[in-house]
Amino acid sequence: MTTMADVARRAGVSVATVSHVLNETRPVRPVTRTAVLGAIEELGYTHNTLARSLVTSRTRSIGLAVSAISNPYFTEILQGVEAGALEAGYSLLIADPHDDPHHERKVVQLLHERRVDGVIVAPSAEPAGMVGYLTRREVPTVFLDRLVGDAYDQVCAENTGPVRQLVEHLADLGHTRIGLVAGLPGLSTTTERVQGYRDGLRARGLPFAPELLAGGNSEAEGAQDATRRLLAAPEPPTALITANNTMTIGALRALGALGLRVPRDIALACFDDFSWADLFTPRLTAIAQPSKDIGAAAVRLLLERLQEPDRPPRTVRLPCAFVHRTSCGCAEPVPAAPPAAQERNRTP
């Protein structure tokens, strides 16, 4: 087995210098660093990270607790976290809390017991037990997507303004009965998106009608039931907003079962864009969240916390994008003609 001493002999340096290169514990001249890394590659040396962790009390690993990893939104967040961790030289341990407060608390404890340097968590609607565990043990933590309070590092997308934008867009198309299929109660995302819905109604002079707001519990089946309830009202909505991508699927199932076509019978807009939203007929008008950027930002916040344990907590909010397609009832945009075609078609 190749040892650190073997690498030092091949590179013509001391074992201490090899250790400094591997552990980044002291600056090393670029030419020396290059020689050490070349020797490591040539000899196939593998650094003993376990031994290093016993010395430094750091494992260079991050725990990630995110529910519904099969959800495209969280899958993209995972990709952002993984890329950020890998770039910084950290490995990733992943667990799914299933949005269950008891299981969430257990999962976080298991990650902590694996001696991760810090954790990134998308909290449930009742995170008190999990937050209490992390706080008492002073585990470096970043919450993502869902906020738990200004006393913690956290990162999420803007929620209120983008939903307001959807409401205003639908109102500008002539809709006065706009329904919302909201997420799971207790989540900050749900609270903020409902607020955006109410803000949009107020901005366009439309009254808030409680019968046009239904909870879909952030899942497809719940959204399917919620959509049916909304459309069974004496004055059903003529336009519908769904508050996440999973609930969009449930709403579309309900509309299909009822024989309603989008946007001929009802307009539809959704919070969360996803890779196949452009393949639906009609194409879905949506709010696109910067999912990978959220994951990468969470890693940066956690690394900053590890470097500066006493710095004030930060909340980072990232902007969303309004993706204008046709499910809202707007016409399909006409692609711009190439310059040569424009020149040929120009009237003399």
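No experiment lies behind these values; they were computed from the predicted model shown. Worth knowing before you read on, the calculation uses all heavy atoms, side chains too, and leaves out hydrogens, waters and symmetry mates.
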Do [X] and [Y] have side-chain heavy atoms sitting under 4.5 Å apart?
{"X": "Cys270", "Y": "Thr285", "answer": "no"}
{"X": "Ser327", "Y": "Arg283", "answer": "no"}
{"X": "Ile266", "Y": "Val262", "answer": "yes"}
{"X": "Leu78", "Y": "Leu92", "answer": "yes"}
{"X": "Pro237", "Y": "Ile178", "answer": "no"}
{"X": "Pro162", "Y": "Phe322", "answer": "no"}
{"X": "Ser188", "Y": "Cys156", "answer": "no"}
{"X": "Ile287", "Y": "Val163", "answer": "no"}

Worksheet item: Which is it for Tyr90 and Leu306 under the side-chain contact (heavy atoms from CB on, under 4.5 Å) test, yes or no, and what are the steps along the way?
Response: CA-CA 12 Å; Tyr90 281 74; Leu306 292 172; 3.8 Å; yes
Are the side chain of [X] and the backbone N or O of [Y] linked by a donor-acceptor pair below 3.5 Å?
{"X": "Gln154", "Y": "Gly149", "answer": "yes"}
{"X": "Asp99", "Y": "Pro97", "answer": "no"}
{"X": "Glu104", "Y": "Ser124", "answer": "yes"}

[X] [atom1] to [Y] [atom2] distance, which is reported to the nearest 0.5 Å:
{"X": "Gln165", "Y": "Cys320", "atom1": "CD", "atom2": "SG", "value": "9.5 Å"}
{"X": "Thr17", "Y": "His20", "atom1": "OG1", "atom2": "NE2", "value": "6.5 Å"}
{"X": "Thr190", "Y": "Arg146", "atom1": "OG1", "atom2": "CZ", "value": "8.0 Å"}
{"X": "Ser291", "Y": "Gln79", "atom1": "OG", "atom2": "CD", "value": "9.0 Å"}
{"X": "Glu87", "Y": "Leu303", "atom1": "CD", "atom2": "CG", "value": "10.0 Å"}
{"X": "Leu64", "Y": "Ile77", "atom1": "CG", "atom2": "CD1", "value": "9.0 Å"}

For [X] against [Y], the heavy-atom pair lying closest together:
{"X": "Cys328", "Y": "Ala267", "result": "O-CB, 3.5 Å"}
{"X": "Ser218", "Y": "Leu184", "result": "OG-N, 2.8 Å"}
{"X": "Pro101", "Y": "Glu126", "result": "CB-O, 3.4 Å"}
{"X": "Gly215", "Y": "Ala226", "result": "O-CB, 3.6 Å"}
{"X": "Gly129", "Y": "Arg105", "result": "O-CD, 3.5 Å"}

hydrophobic_cluster_shared for [Y] and [X], side chain cutoff 4.5 Å:
{"X": "Leu170", "Y": "Leu213", "value": "yes"}
{"X": "Leu166", "Y": "Val323", "value": "no"}
{"X": "Leu110", "Y": "Val81", "value": "no"}
{"X": "Leu302", "Y": "Val66", "value": "yes"}
{"X": "Ile294", "Y": "Val299", "value": "yes"}

Under 4.0 Å between a Lys/Arg side-chain N and an Asp/Glu carboxylate O for [X] and [Y]?
{"X": "Arg164", "Y": "Glu168", "answer": "yes"}
{"X": "Asp150", "Y": "Arg314", "answer": "no"}
{"X": "Arg311", "Y": "Asp153", "answer": "yes"}
{"X": "Arg305", "Y": "Asp117", "answer": "no"}
{"X": "Asp172", "Y": "Arg204", "answer": "yes"}

Discussion item. Does Asp293 form a salt bridge (charged side-chain N to carboxylate O under 4.0 Å, His left out) with Arg300? I'd like the steps, not just the answer.
Written reply: CA-CA 10 Å; Asp293 292 341; Arg300 288 195 298 272; over 6 Å; no
Item to complete: Might you work through the side-chain contact (heavy atoms from CB on, under 4.5 Å) test for Leu240 and Leu231, ending with a clear yes or no?
Response: CA-CA 10 Å; Leu240 189 63; Leu231 295 174; over 6 Å; no
Item to complete: Just do the salt bridge (charged side-chain N to carboxylate O under 4.0 Å, His left out) check on Glu192 and Arg317 with the steps written out, would you?
Response: CA-CA 13 Å; Glu192 293 178 355; Arg317 285 185 179 271; 2.6 Å; yes
Item to complete: Ignoring hydrogens and angles, state whether a donor on the side chain of Gln195 or Thr160 is under 3.5 Å from an acceptor on the partner side chain.
Response: no
Worksheet entry | side-chain contact (heavy atoms from CB on, under 4.5 Å) between Val28 and Val36, worked out | CA-CA 10 Å; Val28 176; Val36 170; 5.9 Å; no
Worksheet entry | Members sharing Val139's hydrophobic cluster (side chains within less than 4.5 Å) | Leu93, Val107, Val108, Leu111, Val116, Val119, Val121, Met130, Val131, Tyr133, Leu134, Phe143, Val148, Tyr152
Worksheet entry | side-chain hydrogen bond (donor to acceptor under 3.5 Å, both in side chains) evaluation trace for Gln289 with Asp273 | CA-CA 7 Å; Gln289 297 193 75; Asp273 198 24; over 6 Å; no
Fill in: Criterion side-chain contact (heavy atoms from CB on, under 4.5 Å) on Arg60 and Ser91, from CA distance to verdict
CA-CA 6 Å; Arg60 296 193 74 82; Ser91 59; over 6 Å; no
Item to complete: Sequence neighbours left out, what pairs pass side chain to side chain donor-acceptor pair (under 3.5 Å) with at least one residue falling in residues 227-256?
Response: Asn71-Asn245, Asn71-Thr246, His175-Thr238, Thr242-Thr248
